[in-house]
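Scroll down for the structure; my scribbles are underneath it.
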Amino acid sequence: MNLVEKLLKGDEKSAARLISLIENGAEAGFKAVESIFPYTGKAYILGITGPPGAGKSTLIDKIALRFAKENKKIGVIAVDPSSIHNKGAFLGDRVRMKEAEKIGIFIRSMANRGYGGGLAKATIGAVYILEGLGKEIIIIESVGVGQSEKDIFYLADTVISVLSPDFGDDIQLIKAGVVELGDIVVINKADLEGAKEAFRSLSAYITMSNIDNKKSWIPRLFLVSAKDKTGIDGLIDAISEHKKYLEKQSELEELQSKKAKGLILSLLKEILMEKVSEKLINSGTFQQIVDKVIKREIDLYMAANSLIKEILKE
Ligand SMILES: Nc1nc2c(ncn2[C@@H]2O[C@H](COP(=O)(O)OP(=O)(O)OP(=O)(O)O)[C@@H](O)[C@H]2O)c(=O)[nH]1
Ligand SMILES: [Mg+2]
């Protein structure tokens, strides 16, 4: 039996090996996805985003345990943008999702090696593979910064934004767009001082920003403590409420099309950048252009445009 056949029979080791292939950009990994593809499209994908240390992993542990009680097959992908995190974060995720791991939930940490902080290429593949493994619920954890938070919005059916009162300035988070992306917004660490105030100000903000909005889903806000396991019930209810909303809402096709477009564009960006760097940067063309810029023979626009010409020539 090859890796894909074993995967489709539920072999987790094959899943882990296939995800590694994808992560390393190996052609065999993407070929495997082609054979897995017919078996995919049924899983519910939950994206968890938010600033570093907000408690995403701790919360996923609690959410996953709840789903497991309903006998759901669950997989977790924790994307670690290597540009922000050190290697310790990998371990951190595993430590914080101990209970889930103990009961056999499949957890995989992935380094985000894409250009420009994108998480699309590797994560999309990992989702297909977990679906091939028969997972019904796939939870993706990603730090909410820049492109990665948009990718998680495109990839997930439901997005939960996790914030914590010890992060400080709410306004920064609102500006960063973390709040806007969430179908559900969670203030975690309810056990800490300032949690209630953070909840109140965010609640006012969400009400204000949706006041004359005709959106059919208004983000739900929850105050929870992942550590003390408080407020989790309401959160679980909101997740299934959003899932039901997606099943029946009339604009679903429009939403799906928006998300598919976003993902394809993200993939395109990542793959193009890879090709560009392989071909141009290594071939010395890039350096030649840089030299011309330094000598002030050409300006930066001209530099970028001549690189584009070079690529299109191929
Ligand atoms: N007081 C308190 N601490 C918490 C709570 N939830 C998580 N923490 C702590 O916050 C720290 C970060 O938790 P993680 O779950 O690793 O947070 P994260 O958002 O996954 O962090 P990264 O993956 O590094 O971005 C850990 O020390 C947790 O023990 C909570 O409800 N209350
Ligand atoms: Mg984490």
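Each ligand, and each atom within it, is numbered from 1 in the order the structure gives.
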Does Asp228, backbone or side chain, put an N or O under 3.5 Å from an N or O of ligand 1?
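By distance alone, the answer is no.
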
Report yes if Ala226 has an N/O atom closer than 3.5 Å to an N/O atom of ligand 1; otherwise report no.
yes

Could you tell me, atom by atom, which parts of ligand 1 come under 4.0 Å of a heavy atom of [X]?
X	value
Glu141	20 (O), 23 (O)
Val143	25 (O)
Ser57	15 (O), 18 (P), 20 (O)
Leu192	1 (N)

Could you go step by step and tell me if Ser266 and Asp151 meet the side chain to side chain donor-acceptor pair (under 3.5 Å) rule?
CA-CA 7 Å; Ser266 290; Asp151 284 343; 2.5 Å; yes

Taking [Y]'s backbone N and O only, do any of them form a donor-acceptor pair with [X]'s side chain (distance below 3.5 Å, no angle check)?
X	Y	answer
Glu23	Ala122	no
Thr49	Ser142	yes
Glu141	Ile48	no
Arg108	Phe106	no

Under 2.8 Å from the Mg ion (ligand 2), is there any N, O or S atom belonging to Thr58?
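No.
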
Residue-level breakdown please: for [X] versus ligand 1, do any non-hydrogen atoms fall below 4.0 Å on the side chain, on the backbone, on both, or on neither?
X	value
Thr58	both
Lys56	both
Val162	neither

What is the name of the N/O/S atom of Glu141 that is nearest to the Mg ion (ligand 2)?
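Nearest N/O/S atom of Glu141: OE2.
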
Closest to atom 17 (O) of ligand 1 among Pro52, Gly55, Ala78, Ala190 (heavy-atom distance):
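Result: the heavy atom closest to atom 17 (O) of ligand 1 is in Gly55.
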
Judged on heavy-atom distance to atom 9 (C) of ligand 1, which of Lys62, Lys227, Arg96, Lys189 sits nearest?
Lys189

With a 3.5 Å cut-off and no angle check, do the side chains of Asp191 and Ser225 form a donor-acceptor pair?
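A pair is found: one side chain offers a donor N or O, the other an acceptor, under 3.5 Å apart.
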
Once side chain to side chain donor-acceptor pair (under 3.5 Å) is applied, what residue pairs with a partner in residues 34-46 remain, sequence neighbours excluded?
Tyr44-Thr158

Would Gly53 count as a contact residue for ligand 1, given that I'm defining contact as a non-hydrogen atom of the residue lying under 4.0 Å from a ligand atom?
yes

Do the ring planes of Tyr245 and Trp217 sit parallel (below 30°), tilted (30 to 60°) or perpendicular (above 60°)?
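Answer is tilted, since the angle falls between 30° and 60°.
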
Hey, is Lys229 close enough to Glu99 for a salt bridge, meaning N to O under 4.0 Å?
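A salt bridge links Lys229 with Glu99.
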
